[in-house]
Amino acid sequence: MTQPLLQQFAHDLQDCWQADYFRLRARLNRLAKNPDQKQLGQLQKAILKSKQFRENRSAALPDFTYPEALPVSENHKQIAEAIQRHQVILVCGETGSGKTTQLPKICLEAGRGINGIIGHTQPRRIAAQAISNRLAEELKTEVGKTVGFKVRFRDRSSSENLIKVMTDGILLAELQQDHWLNQYDTLIIDEAHERSLNIDFLLGYLKQLLRKRKDLKLIITSATIDAERIAAHFNDAPVIEVSGRTYPVEMRYRPLHDPDSDDDPLDLQQAIVSAIDELQKEGRGDVLVFLPGEGEIREASKTLRHLRDRMDILPLYARLPSAEQKRIFHPGGKTRVILATNVAETSLTVPGIRYVIDSGQARISRYSWRSKVQRLKIEKISQASANQRAGRCGRTGPGICIRLYNEDDFNNRQPFTEPEILRTNLAAVILQMVSIRLGDIEQFPFIDKPDARLVKDGYRLLRELQAVDDRKNLTATGKKLARLPIDPRLGKMLLAAEKTNAVTEVLAITTALAAQDPRERPQHKQQAADEKHARFRDEKSDFISLFNLWEYLEEQSEQLSHNALRKLCQKEFINHRRWREWHNLHRQLKLALKILIIKLNKEPADYAAIHRALLSGLLDQIGFKDKKFEYLGCRNQRFFIFPGSGLHKKPPKWLMAAEVTETTKVFARIVAGIQPQWIEQVGKHLIKHHSSEPYWQKSKARVGGYEKLTLCGLIVNPRRNINYAVVDPELSREIFIRHALVYGEWKNNLPVIQENRSLIEQVENLEARTRRRDILIDEQELYDFYAKMLPANITSGASFERWYKQNQNARKLKLDKNTLIREDARTVNVAAMPEIWRQDNLQLPLTYHFEPGSEQDGVTLKIPLSVLPQINETLTEWIVPGLIEEKILAHIRGLPKSVRKQFVPAPDFARVANERLKFGENNLLAELGKVLKQITGFEVKKPDWRTENLPLHLKMRFEVIDREGQ
DNA sequence: GGGTTAGGGT
């Protein structure tokens, strides 16, 4: 019974809506193994519902025609057939072919859009919205039904859509949720030749996905020049060429330097003037001049001042105040000369252009993995880019393009602009790829593989942000970052702000950094604009300036009507549209934070809390001011504060920068002063420690030392006191044993240590008394004794005491006197070196010191001042028994030569004389003379005895102590 | 001491 039913279900599944298909099939497979009547019933209902849904889609298929005027309309049958026959096709053709709007309809004609949605991607939001409007109009429906669109901040799409127009970023974002892109049966990737990061990532991903989803069709549109490369990437997909509807453009090459002329080379400005002159002779028509940047545009509008009464000279660049941008689209009476950056090449279409002047240059952003700095240098544009520029004057009639370079130069240029993926930091892309588990990035089928060093550098940044671990796996932080629709650096700041309780402020700041700066500086009102903006300026932090601006605008937007706010913005040089963007971004991120359960603080956060959070995303963009206006940053990079910064006049010692870009110089833009200690704390995981100079720190009974802290090569702390045991426990243990235990440089109350110490002192004293150095076992033996007994983790007084208290074994550390005295020195005559000097009833201490040459060398008798007169000096001549023989010998040797020769060998005479003398009785020299006469019969005359040259240690030293003990 | 191109998003 069940079996035929299952077969019926499997059959019906074929007619379901595709987004349901895979889910329902999985349910069916589960039930086939494990049938359950109730669930089978539910499945049947679901299948019927989905079938019905698909039928409704089919019924919603509108009637449509192709506008005859469009070239693509001629090919619609051919294209529809190609779609049916191939999984991937390329459609190329220049602007005006109508491919963008007609392709979705051709897909419908080919039967697409019923099983699943036809997804159509655009690089820019405005274009996506405009195209969906246009399509809805042509299909006689409203946006949101048959045709939907979805861009950031605006979603008018639904499962009812047959066609859904969106930005490529949206499709990428959807990938995170649905790796199979199941809701689509067809994808149109438009403007693929632009080769943005998004497009390259999408094309790589789709190449893999197409193998798994054989039912998915892919249509890629591109400019003709790039089509082959892309087709090759998709296993030589067929390329269908659609003619454009453009007029011929005449090329004229007018290089600055003419090789056939002796004239001096022109500069760019002069060349523009003469090109405009030349074009004026061709008849009236608006001119579009392509220049690399705002600077050149400003300069050119100055040079062209003299034309102002005849022509409108209009600058055009993305940061231009919107009011001024609008003038481009409302031509006045005069001939217009529009001085434009690359905005006019792709993003904006300037209507009614008859002439183009192309400088052949553009500022190109390149990220250097070597210096980790973004460069924005003026470069020669590619042939593709030059042709695109020229094409801008062939849209309404035949045009003329003057290139300010020669034809050879053109022919030698790169055919296309290097795709973005080869010249940008890849951290954000890698984060996404890791997050959707795309596996090894080296294996990912990019059309142009990014340099391995660039990939490595992307991982480096992610590791610095703690988004991935050493094995390139996503961390908890990384998972959160992947869910925040913002640059990973900025996302990291937000996550850090949760910890410092500054999310409110950091959210406003990070969204400002992600959006474009809404502050406008119109060319002729720069000072007025600066004055208005100065109200928000913070002298320590450009981030705070942004936050001040945010608070002001938020407050105003709550109080004022939409129109009043608009007027206020205009008056105060704020770009209202950009402010809306900032506001929207803020709202979106706030929602994303809510999902991550990150709360906004109600109490204002202080400077440290805000900037420590910001710093966590900018750890490799810090700098130390080591010259008047110059900073030393990571990897020996030098940079300057950008002149637009509020800190430009008062540069702080330490700063961090939201971005570091090299233009005319390496500039740090949006900066703030920081405390170097913050770097140590926030950047703990990146700090390198260079320790040095370990020493015994007696007061703390531990091994101290110093360390230098660096972060990517920058010294963030030159000399910091440390507990050396942390960096080198082994060495610290050695130093501890030597100083604390062997040398006794440790004050403590531990009996074992005290006793050992006093034993050692006793033996040392013995050495002094016997004037020998070979009694105490040597230092190394003592060291070895302790080293053998102590566990490896004992590195300081504190750790020793802990161990000692907890461990009975520690008692074995006790030394005994025999181990301390060397074997060959165990029979020393100590009695001959008394510690007490006796004279009648007087007993005074004798101390010994063994240091030949020193004043203290020898025996010292300590005499209190009060007993000084009682001291019998004659008795002290005898010094101590242990030294008397040596003293006698010294006396004999001190005799004049004629006398001395009577007593040869002197040591024998000294020994015999000493044996006969009675120690301490009468005058030493008198008694000695007597004894010597007894032995030899020779009498030493009194003046022959010399005492001056006697070694010091053979004369008793006297130390008189007064009442105070001095 | 002195001034940066343009797009895109969970």
Side-chain angles (χ1 to χ4, degrees), chain A residues 121-128 150-154 166-178 191 194-202 290-299 316-320 340-348 361-366 374-379 381 385 417 420 424 428-429 431-432 435-436 479-488 490-491 514-517 521 526 530 581 584-585 588-589 591-592 595-596 627-631 639-645 647-651 659-670:
Chain A
T121 72
Q122 282 293 315
R124 280 163 291 278
R125 301 209 292 252
I126 296 177
K150 184 176 175 188
V151 295
R152 193 176 205 176
F153 312 134
R154 226 165 151 212
M166 64 200 129
T167 50
D168 35 36
I170 290 282
L171 187 61
L172 273 179
E174 288 182 349
L175 218 66
Q176 295 275 347
Q177 306 305 320
D178 178 9
E191 315 274 12
E194 286 191 19
R195 301 294 304 277
S196 66
L197 214 47
N198 283 349
I199 286 172
D200 272 23
F201 187 13
L202 267 180
F290 281 102
L291 291 165
E294 285 180 37
E296 290 78 8
I297 290 174
R298 215 167 300 136
E299 210 181 324
L316 176 63
Y317 45 86
R319 281 167 33 87
L320 194 72
T341 61
N342 257 357
V343 257
E345 195 180 303
T346 46
S347 306
L348 286 175
Q361 299 172 326
R363 277 198 191 273
I364 305 276
S365 157
R366 283 182 192 279
Q374 186 197 10
R375 298 209 166 102
L376 213 46
K377 290 283 173 80
I378 295 176
E379 293 183 17
I381 58 169
S385 179
T417 311
E420 196 183 2
T424 189
V429 176
L431 181 66
Q432 279 189 45
S435 167
I436 48 180
K479 281 175 193 158
K480 286 182 193 168
L481 289 183
R483 292 176 64 187
L484 289 173
I486 199 162
D487 182 80
L490 304 180
Q516 290 164 314
D517 194 337
R521 281 184 96 218
Q526 290 187 351
D530 287 349
E581 280 281 316
N584 286 336
L585 242 172
Q588 188 189 26
L589 260 298
L591 200 68
I595 293 167
L596 292 177
K627 290 187 188 164
K628 198 165 178 203
F629 292 109
E630 201 175 323
Y631 284 82
F639 61 80
F640 298 85
I641 296 182
F642 191 71
S645 162
L647 284 69
H648 187 241
K649 292 262 191 293
K650 272 194 196 170
E659 51 189 67
V660 178
T661 308
E662 184 178 341
T663 52
T664 47
K665 274 179 174 178
V666 183
F667 283 116
R669 226 182 113 250
I670 310 186

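Only this structure's heavy atoms are used, side chains among them; waters, hydrogens and symmetry mates stay out. Convention: sequence-line order gives letters A, B, ...; per-chain numbering from 1.
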Testing B:dG2, B:dG9, B:dG7 for proximity to the side chain of A:P643, the answer is B:dG2
_Can you see if the side chain of A:T664 gets near the phosphate of B:dT4 - specifically, an N or O under 4.0 Å from OP1 or OP2?_
yes
Contacts of A:Q516 meeting side-chain contact (heavy atoms from CB on, under 4.5 Å) (sequence neighbours excluded), chain-then-number -> A:R578
Quiz item: With sugar-phosphate meaning primed atoms plus P, OP1 and OP2, does A:Q432 contact a base, only sugar-phosphate, or nothing at under 4.0 Å between heavy atoms?
Solution: base
B:dG1 base stacked by A:H648? Criteria: ring centres under 5.5 Å, plane angle under 30°.
yes
- Query: Just checking A:L484: base, sugar-phosphate only, or nothing, at a heavy-atom cut-off of under 4.0 Å?
  - Reply: base
(request) Check whether any side-chain N or O of A:R125 sits under 4.0 Å from OP1 or OP2 of B:dG9, and answer yes or no. (result) yes
Touch check for A:A318, heavy atoms < 4.0 angstrom, all strands: base, sugar-phosphate only, or nothing?
sugar-phosphate
Checklist entry - Should A:F667 and A:I641 count as side-chain neighbours, where that means a heavy-atom distance under 4.5 Å? => result no
Looking for any heavy atom pair under 4.0 Å, which part of the strands does A:A428 touch: base, sugar-phosphate only, or nothing?
nothing
* Asked: Checking all strands, does A:Y317 fall into the base, sugar-phosphate, or nothing category for heavy-atom contacts under 4.0 angstrom?
  -> sugar-phosphate
Sorted by chain and number, sequence neighbours left out, side-chain contact (heavy atoms from CB on, under 4.5 Å) with A:N198 holds for A:D168, A:L172, A:S196
Picking from B:dG8, B:dG2, B:dG9, the nucleotide nearest the side-chain atoms of A:N198 would be B:dG8
- So what does A:I486 hit on the nucleic acid, given a heavy-atom distance under 4.0 Å: a base, only sugar-phosphate, or nothing? base
Under 4.0 Å between any heavy atoms, over every strand shown, what does A:G644 touch: base, sugar-phosphate, or nothing? Just pick one. base
When A:Q374 and A:S435 are each assigned the nearest nucleotide of DNA chain B, the 5'-most assignment goes to A:Q374
To the nearest angstrom, the NZ-P distance between A:K649 and B:dG3 comes to 12 Å
Would you say B:dG9 has OP1 or OP2 under 4.0 Å from some side-chain N or O of A:T167?
-> yes
Practice problem: Using a 4.0 Å heavy-atom cut-off across all strands, classify A:Q361 as base, sugar-phosphate, or nothing. | Solution: nothing
Review point. Think A:K665 has a side-chain N or O under 4.0 angstrom from the OP1 or OP2 of B:dG2?
Key: yes
note: A:L197, atom CG; B:dA6, atom P; distance rounded to Å ~ 18 Å
CZ (A:F639) and CD (A:E662) are apart, to the nearest 0.5 Å, by 13.0 Å
Hey, does A:L172 reach any base, or is it just sugar-phosphate, or nothing, if we go heavy atoms under 4.0 Å?
nothing
Taking for A:L431 and for A:I364 the nucleotide of DNA chain B with the nearest heavy atom, the one nearer the 5' end belongs to A:I364
Exercise. So do A:T121 and A:T167 actually touch side chain to side chain, heavy atoms under 4.5 Å?
Worked result: no
Q.
Looking at A:E379 and A:R366, is there a salt bridge between them, counting it only when a charged N and a carboxylate O are closer than 4.0 Å?
A. yes
| task | Name the nucleic acid region contacted by A:R124, choosing base, sugar-phosphate or nothing; use a 4.0 angstrom heavy-atom cut-off, strictly under. | result | sugar-phosphate
Between CZ of A:R363 and P of B:dG7 the distance, given in whole Å, is 16 Å
Please tell me if A:Q588 has a side-chain N or O lying less than 4.0 Å from either OP1 or OP2 of B:dT10. yes
Of the candidates B:dG1, B:dG3, B:dT10, the side chain of A:F629 sits closest to B:dG1
Notebook entry, point to check: Do A:T346 and A:E194 have side-chain N/O donor and acceptor atoms under 3.5 Å apart?
Noted result: no
> Touch check for A:R521, heavy atoms < 4.0 angstrom, all strands: base, sugar-phosphate only, or nothing?
Replying inline: base
Considering only heavy side-chain atoms of A:F642, the closest of B:dG9, B:dG3, B:dG1 is B:dG3
Per atom distances to the A:E420 side chain, the nearest of B:dG3, B:dG1, B:dA6 is B:dA6
Could you tell me whether the phosphate oxygens of B:dA6, OP1 or OP2, come under 4.0 Å of any side-chain nitrogen or oxygen in A:T341? yes
Mind checking if A:D487 touches a base, just sugar-phosphate, or nothing, with heavy atoms under 4.0 Å?
base
- [ ] Look at all strands and tell whether A:E659 reaches a base, only sugar-phosphate, or nothing, counting heavy atoms closer than 4.0 Å.
- [x] base
Out of B:dG7, B:dG1, B:dG9, minimum distance to the side chain of A:V151 belongs to B:dG9
